[in-house]
Amino acid sequence: MTIREFAALCGVSPATASRFFSGQGRVSEEKQLIMKRMAKISGYEPPASYRSRRQLRSAIFAILPDFRHTFNNNMVEILRVQSAEYGRQLMAVQSDGAANETLLALIIAALPLGVILLGDHQNDRIPVELVHRSIPAIHCGGLSLTRGVSAVHIDNMLAAYDGMRHLIRLNHKCIGLLSDDTRAISTDFQRISGCRRAMDEAGLALPDSRIAYGETTFDGGYRAMSMLLRQAPEVTAVFAFSDDMAAGAAARLWEEGKRIPDDISLLGFDDNECARQLRPALTTIRQPHEQIAHLSITYLLEHTRFQEETSLTLPHELIQRQSCRAL
């Protein structure tokens, strides 16, 4: 029996039967049930080429801006473990603006089960192309500006608001920020907005001189802390928008002879391993890494039941350790 004859037997088009056996494309649940039942009754098996294409379809791509950020690396490892539990293979690749054409060609050729986007990817055409080609995709840990791409994330504005409120409750009035980016609607833009709201409500100022920028890495935090010390030496507390940045800031403060938290309080974001390893241990905003990863994988596995773009917002948590003190 050919695939055309099998399709006629099921009352579907040969293209629908091809999509069903290869796993490349959407097939309604009703037609899937019909073809599964008919394949069992007739004993029909597709050619080996369809089976091999379905095996490729079991892969999930994770696209990272780069591999230097602990948050992204931790998420990839959690996603890898959870994908394996569902019998899927995770393939982590870097999205370099200059190499996006190559990356897109790789994804299109592989036609994976779906794609997980780590980072904002605001100016990236990859999400747009994925939607255009009906390849399921989801932003993991950030918001999406691309119509048709869902997201799993925390409320970054509220999380930063809560972090700043914590420092204000400790009687800090001159608070500095270490941030990565200020693009509209980006994660860091939301966090700065949340901090400004908390300061405004308390009747406190947050001048631009108290915000220093750098990559969300150890080196980025070290350099941003150097900048902040020059711009605003009066700060009594620093809110770093990643734990890696906070670790770099701590190293720079140690070089300046400033003790944490005696001379300056330090607050991080993410609750990575380094938050617990630092001495004193870092007070930080915890993102629910395991839940974010689980919901991202679940979405890709069950995307056919989602009729519209979905935004899932998970709760954050303030983890109090020893790096902040009351004045």
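Both backbone and side-chain heavy atoms feed into the values below; hydrogens, waters and symmetry mates do not.
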State plainly whether one hydrophobic cluster holds both [X] and [Y], where clusters connect Ile, Leu, Val, Met, Phe, Trp and Tyr through side-chain heavy atoms under 4.5 angstrom apart.
X	Y	value
Leu170	Leu267	no
Leu106	Leu130	yes
Val152	Ile78	no
Met227	Ile211	no

| field | Neighbour count above 12 (heavy atom, 6.0 Å) for Arg276 CZ | value | yes
| More than 12 heavy atoms of other residues, nucleotides or ligands under 6.0 Å from CD of Glu273: is that the case? |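 Counting other residues, nucleotides and ligands, CD of Glu273 stays at 12 neighbours or fewer.
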| Pairs touching residues 285-295 that satisfy salt bridge (charged side-chain N to carboxylate O under 4.0 Å, His left out), sequence neighbours left out |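 Matches after skipping sequence neighbours: Asp271-Arg286, Arg286-Glu317.
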| Pairwise salt bridge (charged side-chain N to carboxylate O under 4.0 Å, His left out) hits with a residue in residues 217-243, at least two apart | Arg210-Glu234
Do side-chain atoms of [X] reach the backbone of [Y] as a donor and acceptor pair under 3.5 angstrom?
X	Y	result
Gln231	Ser209	yes
Arg325	Asp262	yes
Gln82	His294	yes
Glu77	Asn74	no

Shortest non-hydrogen separation from [X] to [Y] and the atoms involved:
X	Y	value
Ala246	Gly268	CB-CA, 4.3 Å
Val149	His139	CG1-CD2, 3.3 Å
Phe269	Thr284	N-OG1, 2.9 Å
Pro261	Ser323	CB-O, 3.4 Å

| task | Please list, chain by chain and in numerical order, all residues satisfying side-chain contact (heavy atoms from CB on, under 4.5 Å) with Ala251, sequence neighbours excluded. | result | Phe218, Tyr222
| query | Listed by chain and number, what are the side-chain contact (heavy atoms from CB on, under 4.5 Å) partners of Asn72, not counting sequence neighbours? | reply |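 side-chain contact (heavy atoms from CB on, under 4.5 Å) check on Asn72 returns Leu64, Pro65, His69, Leu118.
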Taking the side chain as C-beta and beyond, is there a heavy-atom pair between [X] and [Y] under 4.5 Å?
X	Y	value
Ile285	Ile319	no
Ser242	Phe71	no
Leu9	Met1	yes
Val76	Ile116	no
Met75	Cys140	yes
Gln287	Leu314	no

| Interatomic spacing from OG1 in Thr187 to CG in Asp180 - rounded to 0.5 Å |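 Reported to 0.5 Å precision, the distance equals 9.0 Å.
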| task | Calculate, to the nearest 0.5 Å, the distance between atoms CG and CE belonging to Leu204 and Met199 respectively. | result | 5.0 Å
| query | When you look at Ile168 and Ile175, which way does the side-chain contact (heavy atoms from CB on, under 4.5 Å) test go after all the steps? | reply | CA-CA 9 Å; Ile168 293 170; Ile175 302 169; 4.1 Å; yes
| query | Hydrophobic clusters join Ile, Leu, Val, Met, Phe, Trp and Tyr when side-chain heavy atoms are under 4.5 Å apart, directly or via other members; which others share one with Val81? | reply | none
| field | Members sharing Leu253's hydrophobic cluster (side chains within less than 4.5 Å) | value |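 Leu178, Met225, Leu228, Leu229, Val235, Val238, Met245, Ile260, Ile264, Leu266, Leu278, Leu282, which link up through side-chain heavy atoms under 4.5 Å apart, make up the rest of the cluster.
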| query | Is the closest basic N to carboxylate O distance between Arg196 and Asp208 below 4.0 Å? | reply | yes
| field | With sequence neighbours excluded, residues passing ring pair (Phe, Tyr, Trp, His ring centres under 6.0 Å) with Phe239 | value | Phe241
| Test side chain to side chain donor-acceptor pair (under 3.5 Å) applied to Ser265 - qualifying residues, sequence neighbours left out | His172
| said: Going by side chain to side chain donor-acceptor pair (under 3.5 Å), name the residues that satisfy it together with Ser13, two or more places apart in sequence or in a different chain. | reply: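 Ser13 satisfies side chain to side chain donor-acceptor pair (under 3.5 Å) with Thr16 once adjacent residues are dropped.
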| Just by distance, with hydrogens left out, do Asp244 and Thr216 show a side-chain donor and acceptor under 3.5 Å apart? |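 Side-chain D/A pair, Asp244 to Thr216: absent.
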For a quick test of your reading: what N or O donor-acceptor pairs under 3.5 Å do the side chains of residues 33-42 make, sequence neighbours left out?
{"residue": "Ser42", "atom": "OG", "partner": "Met38", "partner atom": "O", "Å": "2.8"}
{"residue": "Ser42", "atom": "OG", "partner": "Tyr44", "partner atom": "N", "Å": "3.3"}

| What residues, two or more places apart in sequence or in another chain, satisfy salt bridge (Lys or Arg N to Asp or Glu O under 4.0 Å) together with Arg68? | Asp66, Glu215
With a 3.5 Å cut-off and sequence neighbours excluded, list the donor-acceptor pairs that the side chains of residues 157-164 form with protein atoms.
{"residue": "Tyr161", "atom": "OH", "partner": "Glu201", "partner atom": "OE1", "Å": "2.5"}
{"residue": "Asp162", "atom": "OD2", "partner": "His316", "partner atom": "NE2", "Å": "2.7"}

